[in-house]
Amino acid sequence: MAHPSKPAVFAGVALFISGVLSFLLGVAGIAQDRLFVVSGDYAYRFDITAWGWIHLVIGVVLMVVGVGALAAKGWARGAGIGLAAISLVTQFMFIPYYPAWAISVMVLDLVIIWSLARLVE
């Protein structure tokens, strides 16, 4: 079994953390937490439960890919870049609901994309 390089370990851990954060955001949305409030008209205004399910699914898949990256699986690099990009877009669309959380996860997703794109194995 191949051992992942230090950058791959970082990317795997970061993917897993991003997944956990998205999963927690999804659980809060599904539970109809009063944490999320949108004022005014917003183009991507979905029901908070729908956003919860979106983030929950993305979070679970990010965690799986993070484990794959830690296990040095070949498919994890491309999947990680793609899923981090999807997470980045969904977090961008979620900014009006919880800006501090969404921007923090967006930064983490950008770092994941950068680290996986520069990974040479």
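In this text, all values refer to a predicted model and were calculated from it rather than measured experimentally.
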task = Any chance you could lay out the ring pair (Phe, Tyr, Trp, His ring centres under 6.0 Å) test for Phe94 and His55, step after step, and finish with the verdict?
result = CA-CA 10 Å; Phe94 198 74; His55 287 292; 4.8 Å; yes

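- For Val67, the side-chain contact (heavy atoms from CB on, under 4.5 Å) partners at least two apart in sequence or on another chain are Phe16.
- Heavy-atom minimum distance, Trp75 versus Val64: CH2-O, 4.1 Å.
- The CG atom of Leu88 lies 5.0 Å from the CG atom of Leu110; values are rounded to the nearest 0.5 Å.
- Nearest heavy atom pair, residue Val105 against residue Ser18, reads CG1-OG, 3.9 Å.
- Every residue meeting the side-chain contact (heavy atoms from CB on, under 4.5 Å) condition with Trp114, not counting sequence neighbours, appears here in chain and number order: Arg118.
- Here the side chains of Leu83 and Ile58 are not in contact, with every heavy-atom distance at 4.5 Å or above.
- Inter-residue side-chain proximity for Val27 and Phe23 is flagged as met; some heavy-atom pair is nearer than 4.5 Å.
- Ile103 contributes atom CD1, which lies 5.0 Å from atom CD1 of Ile95 (distance to the nearest 0.5 angstrom).
- Using a 4.5 Å heavy-atom cutoff, the side chains of Leu15 and Leu116 are in contact.
- A donor-acceptor pair under 3.5 Å is formed between the side chain of Thr90 and the backbone N or O of Ser87.
- Residues Ile112 and Gly80 approach most closely at CG2-O, 4.5 Å, considering heavy atoms.
- Looking at Arg77, its side chain does come within 3.5 Å of a backbone N or O of Ala117 through a donor-acceptor pair.
- Residues Leu62 and Ser22 share a closest heavy-atom pair of CD1-OG, 4.3 Å.
- Annotation for Ala69 and Ala76: closest pair N-CB, 3.4 Å, computed over non-hydrogen atoms.
- Between Gln91 and Leu25, the closest side-chain pair of non-hydrogen atoms falls below 4.5 Å.
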